[in-house]
Amino acid sequence: MSLVLSEDQQLLKDSAKAFVDQNAPVSVLRGLRDSKDAQGYDQNLWRQMLELGWAGMAIPEAYGGFEFGYGGLGVVLEESGRTLVSSPLIATVLLGASAINELGSDAQKSEFLPQVVSGELLLALAIDEKPHHRPCRIETSAVKSGEGYVLNGCKTFVLDGHIANKLVVVARTAGAIDDRAGLSVFLVDAAAEGVSINRSWMVDSRNSAMLSLNNVKVGADALLGAEGDAYTSLTRVLDIGRIGIAAEMLGSMQQAFEITLDYLKQREQFGVLIGSFQGLQHRAAEMYSEIELCKSAVRAALAALDDADKNDADIAEFASIAKAKLSEVATLVSNEAVQMHGGIGMTDEYDIGFYMKRARVAAAFLGDALFHRERYASLNGF
Amino acid sequence: MSLVLSEDQQLLKDSAKAFVDQNAPVSVLRGLRDSKDAQGYDQNLWRQMLELGWAGMAIPEAYGGFEFGYGGLGVVLEESGRTLVSSPLIATVLLGASAINELGSDAQKSEFLPQVVSGELLLALAIDEKPHHRPCRIETSAVKSGEGYVLNGCKTFVLDGHIANKLVVVARTAGAIDDRAGLSVFLVDAAAEGVSINRSWMVDSRNSAMLSLNNVKVGADALLGAEGDAYTSLTRVLDIGRIGIAAEMLGSMQQAFEITLDYLKQREQFGVLIGSFQGLQHRAAEMYSEIELCKSAVRAALAALDDADKNDADIAEFASIAKAKLSEVATLVSNEAVQMHGGIGMTDEYDIGFYMKRARVAAAFLGDALFHRERYASLNGF
Amino acid sequence: MQAIAHLEDFRQETRAWLEANCPASMRTPMVDAEVVWGGRNPTFVNPESKLWLERMAEKGWTTPTWPAEYGGGGLSKDESMVLAQEMSRINARPPLNSFGISMLGPVLLESGTHEQKSEHIPKIVRGEIRWCQGYSEPGSGSDLASLNTKAVLDGDDYVINGSKVWTSYADKADWIFCLVRTDSDVPKHAGISFILFDMDTPGVTTKPIQLISGMSPFCETFFDDARAKAANLVGGLNNGWAIAKRLLQHERTMISGFGLAGSQGDRGGTTSTMDSVERAAMHYRGDTDKISDPGLRDEIAKFKIDSAAFALTSQRSTEESKQGQGPNATSSMLKNYGCELNKRRYELLLSSLGSQALGWEGEGFASDEIAVTREWLRSKANSIEGGTSEVQLNVIAKRVLGLPDMLSLVQK
Amino acid sequence: MQAIAHLEDFRQETRAWLEANCPASMRTPMVDAEVVWGGRNPTFVNPESKLWLERMAEKGWTTPTWPAEYGGGGLSKDESMVLAQEMSRINARPPLNSFGISMLGPVLLESGTHEQKSEHIPKIVRGEIRWCQGYSEPGSGSDLASLNTKAVLDGDDYVINGSKVWTSYADKADWIFCLVRTDSDVPKHAGISFILFDMDTPGVTTKPIQLISGMSPFCETFFDDARAKAANLVGGLNNGWAIAKRLLQHERTMISGFGLAGSQGDRGGTTSTMDSVERAAMHYRGDTDKISDPGLRDEIAKFKIDSAAFALTSQRSTEESKQGQGPNATSSMLKNYGCELNKRRYELLLSSLGSQALGWEGEGFASDEIAVTREWLRSKANSIEGGTSEVQLNVIAKRVLGLPDMLSLVQK
């Protein structure tokens, strides 16, 4: 398992960077926010990303993808993180498609994955029910009824819920709240009767929805995987999501750091460049070191996803290392970035604040640093 | 409740400082260590301290003391902390005498407290049984036998145990391990049959002992307070001890900081005084701020002990604030002091290492920062 | 004894006057919307606010200790304390919020000419003119004295060109007290003057600044050949830096109060869940006896202990300065630590609320949740405004700890 | 293909030779007491150590890639890798520990004259002369180049006066490689030379340094009119700084390995409770399923995660430097982070062991508990020796991040 990008991955990274720099600067996100865009993402930009094959990056060739691995998807996420691109890449590709790929039957994969690659299908993962991510704290119920199921419950923090065609809903077919057993995953049509979706305007100018399911009837074919037995595969899906988000955070924190470094080299105070103050230098050097560690944690976690020798327990550990570390350092770097910019960093006109806002949402998504440190300790038996 | 020293307290502090500077520099402790002194404290120095009335500072006049309050004892401890004085002040006066004063009958107080003031009686508190302070984790048993009791068990980290004439032993007369109910406190003669005391050489060059009690018989008059009901008063004794140790730590950390500050103003590197480097300046300024907070926490806790309006719950909170904060900052300051001194700070020849060693023992004694943060949270219902 | 008797008389008179003159609604807790800022076009959401201001201003009690000669209350320190106690007794609202009172007035009384005081002080007392402060400039930051706004004498006027930033309520103010460069050929601190002029002066424009937390009272202010009467230069030509420093002391003391909120578990009389970080943490996790996330619990305990020790330090500092004991160079320390505590408080609130603290607007989030998010963002400026943390730490290192200044070796 | 065949032959020969020549006890894990340092009066606790050293030295395999001309093994890089693999296969101990091999030799081969190499290298290879390093001085600290030990030419000798500090094993070494000032009238870096001399020279005395952790291999070394042959000046007069820097690179790389211990949960084959912070925390609290102190548990998790990420970073750095990809200025970062991790590790061990980590000697404490206490104290030097953390952070700021150097504005 190498921690250095392969030549192909490096080429992909360079081209993704060039594409993002040219087509998706932070001003795109700002525009979506200021215009209160109905979709919350730039559809033209997304079409270009589809043409570049980004939606099929980690999807097997058998289902219309390009089988470039999570390493490939990771560098795309990293580069899109640099300019805070808001797109269906996370909700649909990273989370939704992975759920279908990990849990679905061959028929389900054959039906839906090509639609993700082509952009016809937008997905959203509905799991959290409380303000804190606790993957087994599922009260949403799915009760067998005839051939199908009836779903009831509420979901929160459903990323891109308002634009999804289909929702990947985690529900309980058995067991008590917090039980690992009894979890099932359903693919629910967003337009189905009883589904109500309320878009939330988030601090990072992205979108997540509150979802309520009121006697929603689905067929047996809506079930992804075996009934009541989703825990293991679902955990892998979440770990894929955590690693992908960590990759995105890596891009954002590198960019925020570089912007700040540039500022330290330009801004004069008291007759000298502020970057010559040792107090700031040491803080910058410490950030640099932490970012290097983050880079390694992300590269290793992505490589592990593509490594057939790594089992679920390995992946879990890599995912929690990456998500815990990145969440912590993203907070540090974005706070320091604003502080080192001084007053100008506090203005909405300047981009750096966007990085701080995104860092906090990404840090909380799929488990914050506290959650993943706790999980890491449990995984390691202490 | 004032946080500023009274005129009397300030006078006492100034005279204690002058005394300590002149008679008890760090070289006294070094000498005790290098000569492997049998007592572990300078008896001549202790006699002078007795003459200054330090042993009776907080003891009521009725029992031969000077009723100067814990505020008075606190400034003496603070100043003795400045030069790391090793004396019976903590084990005998702060802990032992307080235990007799809080738990004992009038007869017991009348008998023993004057002996503390005069220096005839040396005491030691034997409570901990495991490497971590947990005041209710008491397995040492005291079983009623005729008029008296029979004690069995082992104690660790018994400060000054090897020189004590009498041991204040916390034992269980009822209840299970960790119960608050069933704790009793006994005054046990160090020379009694079945008592075995093993002196330990500690990293701070002070002394604590391992104590084992093997069928030790004591009379009914050895019981301090009511049988099985010591918890509340014992907690107050421990809180007095924690606050007193915090006062001592305050003195040590101030001194370590001042030594370091002097060094920053004298030492040249790369053609400038190292104190002109902003990296070190900011760290020094942060230490200064933390030490100011420590000073307030200690002053308030000592004032609370002397304030009749404060109840046990108030004292508990002040004690945990002080011990948690001081333990944390003492660690920070002593680590930074060594680091800022560079190589010379690592040598035994230079005094600063003694401060680091003492800081760690004091931080662990009667509960470390983690213990007291946990206790603070519980006291505040969260 | 006579003095005490006099004070007792004064207390009775004051109490009677307040009883008779303080309108009923002015004895209820202040609400943001009803704060009175005065000015040429004042807003009185509550008509009793107007009455209350007029009555207080007539007695000069909007500025109780200012000289009666200029419309102030002319009270002694003791009398003004009695007035404050009596107002507090009936929960009387302050009649007027004003940078003229809190910032400009004191230095004008100290350094202004008789003519300047006669012209400006009475209007401040009566709330007739609303003032703003022209200090920072886009390029100046922590290095305030590097300001570039130029004032050139032309007949009886100074002609002013340049721009200011972070001017609170510049778009609502009538006059500005402003630092300008009147000499560029001397060391930077020696060429600055302090001047007053009307915001209606041709050539003055303002533009509000949006912060990362949303709208703000801050503005950018531009001067394009704006003319100010030379007679309104305060404290003498090129003597502005001394006056500026006096003013900054006021501002810093004001800001260090931030950190106290955390320890008091209370922000101005409201009782929201958000007032207590630990309650919020439990509420949003559905915990009853203790915070179920042990890492967060420990961090909150650490925060609460630091807040308690900080509150005790503020108290001790006040006691010490009353007794004239110890150095009172603690203001930089208190400012810096207080701001850092406030920032920690909001970081912990954010962790406590989870995704409910990540909303911006619209449905799905309660107003106090949105407020936490916005205030978290706003709190990041605490360690920037009124002197950055870095500047405060420099001040502690140099003035309190006596460490040598490398910058002075660099600067010629 | 021929090369590979050759290597395979070499492997077979080497394997056979090792089989025949490596004594049985030399195939067991090294113990501290049996480490061989060589020198004029060598200590061989285990007689097989002597045999092993002699056999290996005869083939030049104590220094496999050094030129055979000077007694080295003369192996190619590939051959030496095969030798290392074969030695590792049978757990063969290194025959010789030597600053001559790890530090002096490489620069002497690079910069020494033929005479110097002929004289010194063979003795290093055979472990006949034990070397020490004379770099730091009592006043120099991080500013190594400010050294004051003077060497003045007198006939064929330099006469040396001054003192060195932190000279490891100076009291046991036969010769010293030493930085001396040979010109005081030029900028400090330009007046330094690198010279070798015998520690038996009259005027040379040493004094061991006791550390806060107890006895140490460090010494102070004093030179009082000590005479060194001018012929032993390496790399030319006043060219010592360049050589010193080459040597420091070796030292730094060596030290950055410290931080890896934490992530591996293993220090050199032993399996004490202390090897794993989390096991120690549980053991000393009597916990079975998880650490009962939640604050400590979270801190340990944070430490383990950082250690894991650090280990991955070391691995990535190695991979990248193999590929020549990316800047390899990471050595300062790795050194600094690794040292801080090691310090954190010991702080956590201290918290984990409670009062059992507070002993100094005598009864009541197990030897591995005392070792934790001593190593905790010793670990404080990690961020001082081989360049302080402050120096490493400066290097990162300037060389990696390209931030401007204020000091260069101060220094003329």
Side-chain angles (χ1 to χ4, degrees), chain B residues 33 36 128 130-134 137 156-157 198-206 208-210 267-272 274 276-280 283 331 334-335 338-350 352-354 356-357 360-365 368-371 373-374 377, chain D residues 136 138-143 145-146 165-166 188 209-216 218 284-286 293-296 299 343 347 350-365 369-370 373-374 376-378 380-381 383-385 388-391 393-394 406-407 410-412:
Chain B
R33 178 194 72 174
K36 297 215 165 198
D128 291 340
K130 290 280 153 56
H132 295 275
H133 179 66
R134 295 285 178 273
R137 191 154 298 174
T156 184
F157 209 12
N198 264 302
R199 176 183 182 178
S200 301
W201 304 85
M202 304 296 281
V203 71
D204 64 347
S205 303
R206 297 200 192 174
S208 78
M210 309 272 177
R267 169 74 164 169
E268 277 197 23
Q269 292 268 270
F270 306 107
V272 297
I274 61 173
S276 66
F277 286 109
Q278 201 194 38
L280 297 184
R283 283 153 58 188
T331 301
S334 58
N335 280 350
V338 169
Q339 176 68 24
M340 288 185 179
H341 275 86
I344 200 178
M346 284 298 299
T347 61
D348 182 73
E349 198 180 343
Y350 202 82
I352 202 73
F354 281 78
M356 186 163 74
K357 293 169 175 176
R360 237 40 80 90
V361 178
F365 191 58
D368 61 10
L370 288 162
F371 173 89
R373 286 205 295 269
E374 202 287 326
Chain D
S136 292
S140 65
S142 295
D143 187 8
S146 69
V165 75
W166 307 120
K188 57 187 180 181
I209 297 174
Q210 191 170 347
L211 291 185
I212 57 174
S213 49
M215 283 317 303
S216 82
F218 296 118
Y284 281 90
R285 276 178 173 68
D293 185 309
L296 184 63
E299 280 181 32
K343 285 163 62 186
E347 289 287 345
L350 226 67
S351 291
S352 298
L353 269 62
S355 55
Q356 287 307 111
L358 301 175
W360 182 248
E361 58 187 5
E363 285 179 59
F365 303 97
E369 292 168 347
I370 295 281
T373 313
R374 302 291 188 113
W376 161 68
L377 288 163
R378 181 64 182 79
K380 297 303 176 192
S383 48
I384 296 169
E385 59 206 348
T388 64
S389 335
E390 289 80 7
V391 167
L393 292 173
N394 288 346
M406 188 176 292
L407 213 51
V410 176
Q411 294 165 331
K412 271 115 293 209

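Note that this is a predicted model, so its numbers are computed, not measured. Within every chain, numbering begins at 1; the chains are lettered A, B, ... in the order of the sequence lines, protein sequences first and strands thereafter.
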Legend entry - Structural part of B:Asn335 lying under 4.5 Å from a heavy atom of chain D: side chain
Inset, instruction - Give, as side chain, backbone, both or neither, the part of B:Leu280 having an atom under 4.5 angstrom from any heavy atom of chain D. - result: side chain
Inset, instruction - Considering only heavy atoms and a distance below 4.5 Å, find which of B:Ala363, B:Gly342, B:Ala364, B:Gly345 pairs most often with chain D. - result: B:Gly342
Inset, instruction - Among B:Arg373, B:Glu349, B:Glu374, B:Arg267, single out the residue with the greatest number of heavy-atom pairs under 4.5 Å to chain D. - result: B:Arg267
Inset, instruction - Look at D:Ala381, D:Gly139, D:Ser142, D:Pro138 and state which one has the largest set of heavy-atom pairs under 4.5 Å with chain B. - result: D:Ser142
Inset, instruction - Could you check which of B:Gln339, B:Met210, B:Lys357, B:His341 has the highest count of heavy-atom pairs closer than 4.5 Å to chain D? - result: B:Gln339
Inset, instruction - Under 4.5 Å heavy-atom distance to chain B, tell me which part of D:Ser140 shows up: side chain, backbone, both or neither. - result: backbone
Inset, instruction - Quick one: which of D:Ile212, D:Ile384, D:Leu353 has the most heavy-atom pairs under 4.5 Å with chain B, could you say? - result: D:Ile212
Inset, instruction - For each of D:Arg378, D:Glu363, D:Gln210, tally heavy-atom pairs with chain B at distances under 4.5 Å, and name the one with the top tally. - result: D:Gln210
Legend entry - Beyond-backbone contact of D:Trp166 with B:Thr347, side-chain heavy atoms, under 4.5 angstrom: yes
Inset, instruction - Flag the pair B:Arg283 / B:Met340 as yes when at least one side-chain heavy-atom distance between them is below 4.5 Å, and no otherwise. - result: yes
Inset, instruction - Heavy-atom distances under 4.5 Å only: say whether B:Thr156 touches chain D with side chain, backbone, both or neither. - result: side chain
Inset, instruction - Flag the one option from D:Gly359, D:Gly295, D:Gly364, D:Gly362 with the top tally of heavy-atom pairs under 4.5 Å to chain B. - result: D:Gly359
Inset, instruction - May I ask you to name which of B:Gly353, B:Gly343, B:Ser205 has the most heavy-atom pairs under 4.5 Å with chain D? - result: B:Gly343
Legend entry - Distance, nearest 0.5 Å, that separates CG of B:Leu370 from CG of D:Asp293: 4.5 Å
Legend entry - B:His132 side chain near B:Phe157 side chain, heavy-atom distance below 4.5 Å: no
Inset, instruction - Mind checking the CD-OG1 spacing from D:Glu347 to B:Thr331? Nearest 0.5 Å is all I need. - result: 6.5 Å
Legend entry - Student check: side-chain heavy atoms of B:Arg206 and B:Val361 closer than 4.5 Å: no
Inset, instruction - Answer yes or no: is there a side-chain heavy-atom contact under 4.5 Å between D:Leu377 and B:Val203? - result: yes
Legend entry - Max heavy-atom pair count under 4.5 Å with chain B, selected residue of D:Ser389, D:Ser213, D:Ser355: D:Ser355
Inset, instruction - State whether D:Trp360 and D:Arg374 meet the cation-pi test: NZ (Lys) or CZ (Arg) under 6.0 Å from the six-membered ring centroid, and within 45° of the perpendicular axis. - result: yes
Inset, instruction - Under 4.5 Å heavy-atom distance to chain D, tell me which part of B:Tyr350 shows up: side chain, backbone, both or neither. - result: neither
Inset, instruction - Indicate yes or no: at least one non-hydrogen side-chain atom of D:Val391 is less than 4.5 angstrom from one of B:Gln269. - result: no
